[in-house]
Amino acid sequence: MTDTSNTPPTEGEAQAARPSRLHILMRFIPLIAPVLLWAVPCWVLLHSGQHWPLPVTLLGTALFALGLICMPLAMVRGHGRRQQDPAAIVGDTLLGSSWVLFTWSVLLGVLLRLALTLADVGDSQGRARTVTWAVLGVTAVLLAWGYAEARRVPRVRRVDVRLPRLGAGLDGLRVVLITDTHYGPLDRARWSARVCETVNTLEADLVCHTGDIADGTAERRRTQAAPLGTVRATRARVYVTGNHEYYSEAQGWVDLMDELGWEPLRNRHLLLERGGDTLVVAGVDDVTAESSGLAGHRAHLAGALDGADPDLPVLLLAHQPKFVDRAAAAGIDLQLSGHTHGGQIWPFHHLVRLDQPALAGLSHHGPRTLLYTSRGTGFWGPPFRVFAPSEITLLVLRGPHRATSPQR
């Protein structure tokens, strides 16, 4: 493994990405989302023809009002300046629960009621109460399942990736990708250790972490991140920053990963050599790095590739999939990213697609560039994953002609 020096950015390179439609939308969501998340289910379950006894209606309405008040307060106390972990857990759980309840109140509130009406099942009160119990039942099942999905060790997803410029000596190279571990208010030190144990069973040549290690500073989440130091790779362990590092003293995370034996690829590259062939392994800071105001942090692809032979294949680590436009313009062979969580809680993936060109899996961009987007290894905020399972990814790189006996 050959190390190349960090290169200062050129003045002419494009700066931070333009505000996307999702970013514009996000400016207004905090004002209206809590009201919609709690008011819509309250109306569908209690006030749309059920005619519950008055005590039931009053108690149910009070619970929804309490959720509407407590959720934003807990989120602010948990994720604001105070960063109180118990409050964050309460706020995140209420957020995920209300999202699932809202989604299925809308879907079943319309579709099931319409189906019951067309089938002429029962009277209007009976149909309304059937919808209420159906929504509550589906929500309870999805939240229980989603919690189990979020807290388990991710399954390994194996993907063969064919790169036309990959030399025969590198055929069969095993690249393990973990990303978006999001160590946070819920202590997941044991989960972290089990994830690293799973990674070590994959006999990786190269292990990559594409950012969003944690929510909180390196000092605060050190215990949960410490097992990353046990990860083994025959060639290298490499890391790039995600947007969440820039909410929590990013340089502290860069320093900790370096301390744990990982190579922070901050706009630089390494050369991975095997069997007489070479792969350029490059990395860039997250696209939000420059706006963080942290000196020296920015996404700088030209600097990451400075000094690399343009005839060599390039594997690029970039936290957000939308960086692939720049990667494709530069002729990158394969970009590895995370960030999307695969939507995490369906149907949030529709909002993610407003901001990112890919949600999960392998996709083609331009004449040469492939992008692999991981659904993430952990979870952010709400401790639920609904129809968006987490993953540890094993990518086996293949050249145009497979070697008969790949070297290790």
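Computed from heavy atoms alone, side chains included, the values below leave out hydrogens, waters and symmetry copies.
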Start with the C-alpha gap between W380 and D215, add the side-chain angles, then the distance that decides, and say whether side chain to side chain contact (heavy atoms under 4.5 Å, CB included) holds.
-> CA-CA 8 Å; W380 172 85; D215 296 297; 3.5 Å; yes
Intermediate values then yes/no, side chain to side chain contact (heavy atoms under 4.5 Å, CB included), Q335 and H365 = CA-CA 10 Å; Q335 175 179 316; H365 301 265; over 6 Å; no
Let me see the working for F348 and T103 under side chain to side chain contact (heavy atoms under 4.5 Å, CB included), right down to the final yes or no.
-> CA-CA 10 Å; F348 194 76; T103 298; over 6 Å; no
Verdict with supporting geometry, R194 and E197, side chain to side chain contact (heavy atoms under 4.5 Å, CB included) | CA-CA 5 Å; R194 293 173 63 197; E197 290 169 1; 4.3 Å; yes
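Although no hydrogens or angles enter the test, the distance criterion places no donor-acceptor pair under 3.5 Å between the side chain of R375 and the main chain of A360. With hydrogens and angles disregarded, a donor-acceptor distance shorter than 3.5 Å links the side chain of R237 to the backbone of G261. Checking side-chain atoms of Q344 against main-chain N and O of F384 turns up a donor-acceptor pair under 3.5 Å. R188 contributes no side-chain N or O that, together with a main-chain N or O of Q224, makes up a donor-acceptor pair within less than 3.5 Å. S337 contributes a side-chain N or O that, together with a main-chain N or O of A318, makes up a donor-acceptor pair within less than 3.5 Å. A distance-only check finds a donor-acceptor pair linking the side chain of T61 to the backbone of T57 [under 3.5 Å]. In this structure, D333 contributes its side chain and V314 its backbone to a donor-acceptor pair below 3.5 Å. For the pair E391 (side chain) and S374 (backbone), a donor-acceptor distance under 3.5 Å is absent. Put simply, the side chain of D286 never gets that close to the backbone of A289: no donor and acceptor are under 3.5 Å apart. Listed for the E149 side chain is no donor-acceptor partner under 3.5 Å among the backbone atoms of P389.
Note that CG of L334 is 6.5 Å distant from CG of L397, once rounded to the nearest 0.5 Å. Rounded to the nearest 0.5 Å, atoms OG (S105) and CH2 (W43) are 13.5 Å apart. Note: I89 CD1 to L94 CG = 12.0 Å, rounded to the nearest 0.5 Å. Here L173 contributes atom CG and L272 contributes atom CG; the two are 5.5 Å apart, rounded to the nearest 0.5 Å. Taken from CH2 in W38 to CG in L66, the straight-line distance is 8.5 Å, to the nearest 0.5 Å. Note that CG of L36 is 10.0 Å distant from CG of L68, once rounded to the nearest 0.5 Å.
Pairing each heavy atom of G296 with each of D285, the nearest pair is O-OD2, 4.2 Å. Taking every heavy atom of both residues into account, V176 and V199 meet most closely at CG1-CG1, 4.0 Å. Across V284 and A304, no two heavy atoms sit closer than the pair CG1-CB, 4.0 Å. Closest approach of P321 and P357 over heavy atoms only: O-CG, 3.7 Å. Closest approach of T369 to A328, counting heavy atoms only: OG1-CA, 3.2 Å. Among all heavy-atom pairs drawn from W262 and P264, the shortest one is O-CD, 3.1 Å.
More than 12 heavy atoms of other shown residues, nucleotides or ligands fall within 6.0 angstrom of atom CZ in R151. More than 12 heavy atoms of other residues, nucleotides or ligands shown are found within 6.0 angstrom of CD on Q83. Within 6.0 Å of the CZ atom in R152, the count of heavy atoms belonging to other residues, nucleotides or ligands exceeds 12.
D92 and H79 share a side-chain donor-acceptor pair at under 3.5 Å. Checking T217 against E219 by side-chain atom types alone, no donor-acceptor pair falls below 3.5 Å. At a cut-off of 3.5 Å, with distance as the only test, a side-chain donor of Q50 or S48 sits close to an acceptor on the other residue. In summary, the side chains of Q356 and T340 do not present any donor paired with an acceptor at a separation below 3.5 Å, with no hydrogens or angles considered.
Annotation: side chain of E245 is not in contact with side chain of V254 (no heavy-atom distance under 4.5 Å). Between L336 and L395 there is a side-chain heavy-atom pair separated by less than 4.5 Å. The shortest distance between side-chain heavy atoms of F102 and V44 does not fall below 4.5 Å. Between Y239 and L317 there is no side-chain heavy-atom pair separated by less than 4.5 Å. Considering only heavy atoms from C-beta on, Y183 comes within 4.5 Å of S192 through its side chain. You'll find the side chain of P41 reaches within 4.5 Å of the side chain of F64, heavy atoms only. Contact of the T241 side chain with the W253 side chain is not registered, since no non-hydrogen atoms from C-beta on lie closer than 4.5 Å. Contact of the P313 side chain with the L279 side chain is registered, since non-hydrogen atoms from C-beta on lie closer than 4.5 Å.
Of the candidates T393, T210, T373, T377, T179 forms a side chain to side chain donor-acceptor pair (under 3.5 Å) with just one, namely T210. Screening H244, H339, H209 against H319 for a side chain to side chain donor-acceptor pair (under 3.5 Å) leaves a single residue, H339.
R174 and D205 are not joined by a salt bridge, as no carboxylate oxygen comes within less than 4.0 angstrom of a charged side-chain nitrogen. Note on D85 versus R221: salt bridge recorded, some NZ/NE/NH1/NH2 to OD/OE distance being below 4.0 Å. Taking 4.0 Å as the cut-off between side-chain N and carboxylate O, D160 and R158 count as a salt-bridged pair.
Taking the six-membered ring for Trp and the full ring otherwise, W145 and F387 have centroids separated by under 6.0 Å.
Using bins of under 30°, 30° to 60° and over 60° for the plane-to-plane angle, the ring pair W104/W346 lands in the tilted bin.
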